[in-house]
Amino acid sequence: MQQPNKTAEWEQLLKLAAQPRDLRQLFSQQPSRGTDYSLQAGDIFLDYSKNLIDDEVLQALFGLARAQNLEARRDAMFAGEHINATEDRSVLHVALRDQSNQSKNVDGSDVHQQVRTVLDQMTDFSTAIRDKSWTGYTGKPIKNVVNIGIGGSDLGPVMASEALKFYSQRDIHIDFISNIDATQFAEVTRNLDPAETLFIIASKTFTTDETMTNARSARQWTLDSLQDDAAIAKHFVAVSTNAEEVSKFGIDTANMFEFWDWVGGRYSMTSAIGLAVMISIGPDNFHELLKGFYAMDEHFRTASLEQNQPVLLALLGIWYTNFNGAQTEAILPYDQYLHRLPAYLQQASMESNGKRVDLQGNPVSYSTAPVLWGEPGTNGQHAFYQLIHQGTQLIPCDFIGFVNSLNPVGEHHPKLTANLFAQTEALAFGKTADEVRAEGVGEVLVNHKVFTGNKPSNTILAEKLTPNVLGQLIALYEHKIFAQGVIWNINSFDQWGVELGKVLAKTIYSELSDSTKQPAHDSSTNNLIARYQKQHR
Ligand code: G6Q
């Protein structure tokens with residue numbers, strides 16, 4: 001394994017990037033470009049024609065992927081090799097949704113058997129909550145399910161329960177508490193009846209400060225009302241790898257849903273971390289979600305690099321980040337149900353590939369993950385699209401849409417979709433000064449009204465947002481991120497960068513709560529601590 005910028009393909013891509021490419025020209029030279037540069041995989045149609053690429057660029061990008069052993073690394077992940085080298089772990093989220101029914105031995109255990117057992121346990125429990133046969137301590141059915149978790153134990157379930165709200169059982173209210181800021185706890189629990197509320201404490205380690213602090217507050221809130229420790233068993237379940245800590249917290253391990261250290265937090269939404277989602281949409285829909293993930297996993301595993309959607313997205317991202325100076329990437333879903341998708345993918349990409357050293361620990365001299373951001377359309381159009389169209393930065397965009405709306409009302413959906421298509425067209429082809437003048441615009445405003453165009457985008461289109469399609473979409477991005485990590489020769493599956501702040505916060509916490517302590521930090525931090533100590537009541 002080598003750093004990618006030592007390869008001949010990298011050199012070639014640098015040369016190719018120095019040549020200008022113009023989308024107006026590329027489209028007029030190749031009338032079939034729109035279909036030539038499109039690829040269907042399962043239910044997902046990817047149009048990548050509005051990118052600043054041609055066959056030569058694509059070939060060099062595929063060459064780079066091969067030079068970095070992408071196929072072998074992909075096989076190593078699926079085989080359960082310890083590709084998370086710094087933590088000496090397998091990376092097997094793909095096993096969570098494997099529908100092949102074969103056993104898979106990893107480190108001495110059949111992981112498929114383990115997965116099936118937990119899925120059955122989740123199915124039984126979700127069914128009992130949904131059909132009201134599981135009741136709270138006072139005999140009332142559960143009306144509210146609150147997932148307490150953070151990061152990978154929050155963002156996936158939040159995103160998916162919002163994305164699939166259409167399929168939810170409406171008499172069960174699903175909510176989430178992640179922030180250590182008690183405001184979220186107070187606002188979420190404000191109108192809930194503890195006798196009708198179930199808390200899912202979702203934490204792989206069961207030691208995360210935010211989650212355990214919120215979990216303790218939830219226990220107190222429950223006990224304040226129900227007045228009996230025995231109530232905890234009916235109102236708390238845990239999703240964790242750490243049975244010992246679960247039990248210490250007071251949750252019966254019979255009410256614990258297990259997952260394993262080969263599931264990374266940000267890749268865990270198809271593990272028991274998805275319990276809140278299963279309760280919301282039901283086991284059948286959850287299984288459909290898993291099937292969608294599996295379909296894309298199989299596509300990624302078996303398709304040639306040239307016909308492989310995740311690989312294409314990965315390479316296009318690398319083309320812009322490493323050869324065209326892009327520092328960010330926008331995810332623009334044209335579906336309100338996907339409003340948390342950008343936040344979810346932000347963690348998936350930035351925590352995975354925001355790395356400054358390679359697998360061998362050597363500093364890299366090329367960019368890794370770009371800043372990922374986004375908002376649903378059309379709202380974003382009235383906010384930040386100005387900068388994408390006429391600003392000074394190159395921002396590759398992924399537009400995501402559906403041919404059919406789950407809520408077809410009047411003309412809303414064709415209008416929404418027209419906006420999506422129009423934005424990709426406007427970004428790609430812009431409006432020249434002559435075109436602006438031809439509209440009768442006075443010379444003084446011509447430059448203001450010019451759209452330079454040549455702004456790249458992908459369009460990802462499916463017929464309808466179903467659980468299965470959501471699974472395909474998320475797996476598409478998971479594998480895009482994996483492929484980029486391989487090409488950058490970094491470990492996409494650790495996250496050491498989150499540690500330092502946690503450690504410092506412990507020290508500062510002890511200082512904030514004890515004004516007799518003399519903080520010994522820098523003058524800025526000392527000053528901030530002193531101010532807090534003085535003003536806090
Ligand atoms: C994800 C990260 C991180 C993690 C949270 C919660 O890949 O590891 O976001 O999910 O810190 O951790 P716990 O599930 O252990 O509470």
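In what follows, residues are counted from 1 in the order of the sequence shown. We count ligands from 1, going down the list as the structure has it; atoms in each ligand are counted the same way.
Of all atoms in ligand 1, numbered sequentially from 1 with element shown, those under 4.0 Å from a heavy atom of Gly265 are 1 (C), 7 (O), 10 (O). The ligand atoms of ligand 1 that sit less than 4.0 angstrom from a heavy atom of Ser203 are 13 (P), 14 (O), 15 (O), 16 (O). For ligand 1, the atoms lying closer than 4.0 Å to a non-hydrogen atom of Ser153 are 10 (O), 13 (P), 14 (O).
Partner of Asp297 under the side chain to side chain donor-acceptor pair (under 3.5 Å) criterion, chosen from Arg97, Gln472, His93: Arg97.
In this structure, Phe257 has its ring center under 6.0 Å from that of Phe125.
The aromatic rings of Phe199 and Trp221 sit perpendicular, their planes meeting at an angle over 60°, well past the 30° parallel limit. The aromatic rings of Phe300 and Phe78 sit tilted relative to each other, their planes meeting at an angle between 30° and 60°.
In terms of protein heavy-atom proximity, atom 4 (C) of ligand 1 is nearest to Gly152 N, 3.8 Å. Protein heavy atom closest to atom 6 (C) of ligand 1, with residue, atom name and distance, is Ile150 O, 3.2 Å. For atom 15 (O) of ligand 1, the nearest protein heavy atom (residue, atom name, distance) is Thr205 OG1, 2.6 Å. Closest to atom 12 (O) of ligand 1, if we only count protein heavy atoms, is Thr208 OG1, 3.5 Å. Closest to atom 2 (C) of ligand 1, if we only count protein heavy atoms, is Glu351 OE1, 3.2 Å.
Comment: Arg266 engages Glu351 in a salt bridge, judged by a side-chain N to carboxylate O separation of less than 4.0 angstrom.
Summarising the geometry, atom CD belonging to Gln169 is positioned 12.0 Å from atom CD1 belonging to Ile281; distances are rounded to the nearest 0.5 Å.
With Phe236 as the aromatic partner, Arg219 does not meet the cation-pi criteria of under 6.0 angstrom to the ring centre and within 45 degrees of the ring axis.
For atom 9 (O) of ligand 1, the candidate residues are Gln495, Gln347, Lys502; the nearest heavy-atom contact is made by Gln347.
Not a single heavy atom of Glu210 sits less than 4.0 Å from an atom of ligand 1.
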